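Note sheet for the following structure.
Here the structure is a predicted model, which is why all the values come from computation and not from measurement. Numbered from 1 within each chain, the chains take letters A, B, ... in sequence-line order.
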There are 2 protein chains.
Amino acid sequence: MESIKHRYSRQRETILQVLRGTLEHPNADWIYNKTRRIIPNISLGTVYRNLSQLVESGRIIRIKDDAVIRYDANIKHHDHFRCTSCGRWYDIEILDNTVIESFNKKHKFHIEAFNLELEGVCEICL
Amino acid sequence: MESIKHRYSRQRETILQVLRGTLEHPNADWIYNKTRRIIPNISLGTVYRNLSQLVESGRIIRIKDDAVIRYDANIKHHDHFRCTSCGRWYDIEILDNTVIESFNKKHKFHIEAFNLELEGVCEICL
DNA sequence: TAAATAACAGTAACTATTACTATTAGCTTG
DNA sequence: CAAGCTAATAGTAATAGTTACTGTTATTTA
């Protein structure tokens with residue numbers, strides 16, 4: 001990762017700071033609106049392009065809602081839990097590499113990445 | 001599940017047969033085109049509506065690509081693996097309920113559903 | 001400090017999905 | 001089994017999220 005040559009841009013760094021400054025798992029539009037408070041004339045296209053670049057360079061990760069793509073600045077492996085009652089997203093830990101490695105040993109697949117999404121009811125709502 | 005009252009419709013049953021007849025994990029548009037060979041004037045909206053109903057009633061499941069929703073007629077729990085080289089989707093088994101149950105015991109979350117997606121390189125491509 | 005070009009803002013286009021409307025066709029009940 | 005109720009339909013318009021395009025700006029490098 002991070003092999004692609006990217007020039008510095010204030011827009012990209014601001015987007016990253018915005019995302020690092022929240023525990024929500026926002027989508028592009030949320031990030032766009034927050035970033036606009038800092039760079040009022042930033043364009044939505046710039047947000048999308050930079051989010052993709054940040055994913056590409058491994059500085060953030062993508063998570064997938066039913067339809068919308070959401071982002072997370074926490075790049076160490078973790079799983080995601082969505083509360084069906086309040087809609088919050090949580091970072092949780094269930095899967096680790098050992099599960100994957102043992103699968104790789106048994107089969108002729110080579111697993112490079114995995115994404116686990118859970119849903120149910122969170123502690124607050126219970 | 002299957003508590004909702006649905007009238008019979010040839011369109012819905014045909015869609016289900018089309019999906020049961022493939023091991024691909026097609027999206028709505030693919031299903032629409034296949035179904036059109038049987039019911040030429042079926043509408044895309046009908047396909048979407050029925051896919052949602054079939055999910056609702058537990059006869060099929062949804063899986064999520066980066067952007068597009070895909071469907072699977074195999075409703076027994078399994079995980080999905082996508083080959084980054086050829087793009088194929090595979091049904092595989094890694095997670096089972098015991099992993100989830102043990103998590104539920106340790107935490108105050110109540111997990112109701114989970115979806116694991118993996119990517120890497122498949123046997124054929126290796 | 002000038003040339004090369006990545007990144008930008010602004011906007012148009014695209015794609016997947018949902019909503020709307022008038023019509024058709026399963027189901028229920030007298 | 002015919003009449004009435006309304007789910008489901010076809011066809012189309014609208015929406016939302018995302019990507020592509022264009023002329024301009026700004027970072028890098030030599």
| Taking atom P of C/dT15 as reference, at what distance in whole Å does atom CG of B/N33 sit? | 14 Å
| said: Would the distance check show the side chain of A/D79 and the main-chain N or O of A/I94 forming a donor-acceptor pair, the cut-off being under 3.5 Å? | reply: yes
| query | Taking only side-chain nitrogens and oxygens of B/Y48, does any of them come within less than 4.0 Å of OP1 or OP2 of C/dT17? | reply | yes
| task | Send over the distance from A/L51 CG to D/dT18 P, rounded to a whole Å. | result | 9 Å
| field | Between P of C/dT11 and OH of A/Y32, the distance in whole Å | value | 10 Å
| task | Give the angle between the helix axes at the two ends of the helix from C/dT1-D/dA30 to C/dG30-D/dC1, taking five base pairs at each end and rounding to 10°. | result | 40°
| query | Atom CD of A/E13 and atom P of C/dA7: how far apart are they, to the nearest Å? | reply | 12 Å
| said: When you group the ILVMFWY residues by side-chain heavy-atom contacts below 4.5 Å and let the links chain together, are B/I63 and B/L23 in the same group? | reply: no
| task | Sugar-phosphate atoms are those with a prime plus P, OP1 and OP2; base atoms are the rest. Using that split, label each nucleotide of nucleotides 3-12 of chain D B, S or - for protein heavy atoms under 4.0 Å, 5' to 3'. | result | --BBBSBBB-
| query | CD of B/E56 versus P of C/dT18: gap in Å, rounded? | reply | 12 Å
| said: Between A/R59 and A/E13, does any NZ, NE, NH1 or NH2 come within less than 4.0 Å of an OD or OE carboxylate oxygen? | reply: yes
| message | Parallel, tilted or perpendicular: which one describes the rings of A/H107 and A/F103, with boundaries at 30° and 60°? | response | parallel
| message | Through direct or indirect side-chain contacts below 4.5 angstrom among Ile, Leu, Val, Met, Phe, Trp and Tyr, which residues connect to B/L126? | response | B/V121
| Under 3.5 Å, is there a donor-acceptor pair linking the side chains of A/R49 and A/T46? | yes
| said: Taking B/E24 first and then B/K34, would you say they form a salt bridge - that is, a charged N and a carboxylate O separated by under 4.0 Å? | reply: no
| task | Would you mind reporting whether B/I111 and A/E119 have side-chain heavy atoms less than 4.5 Å apart? | result | no
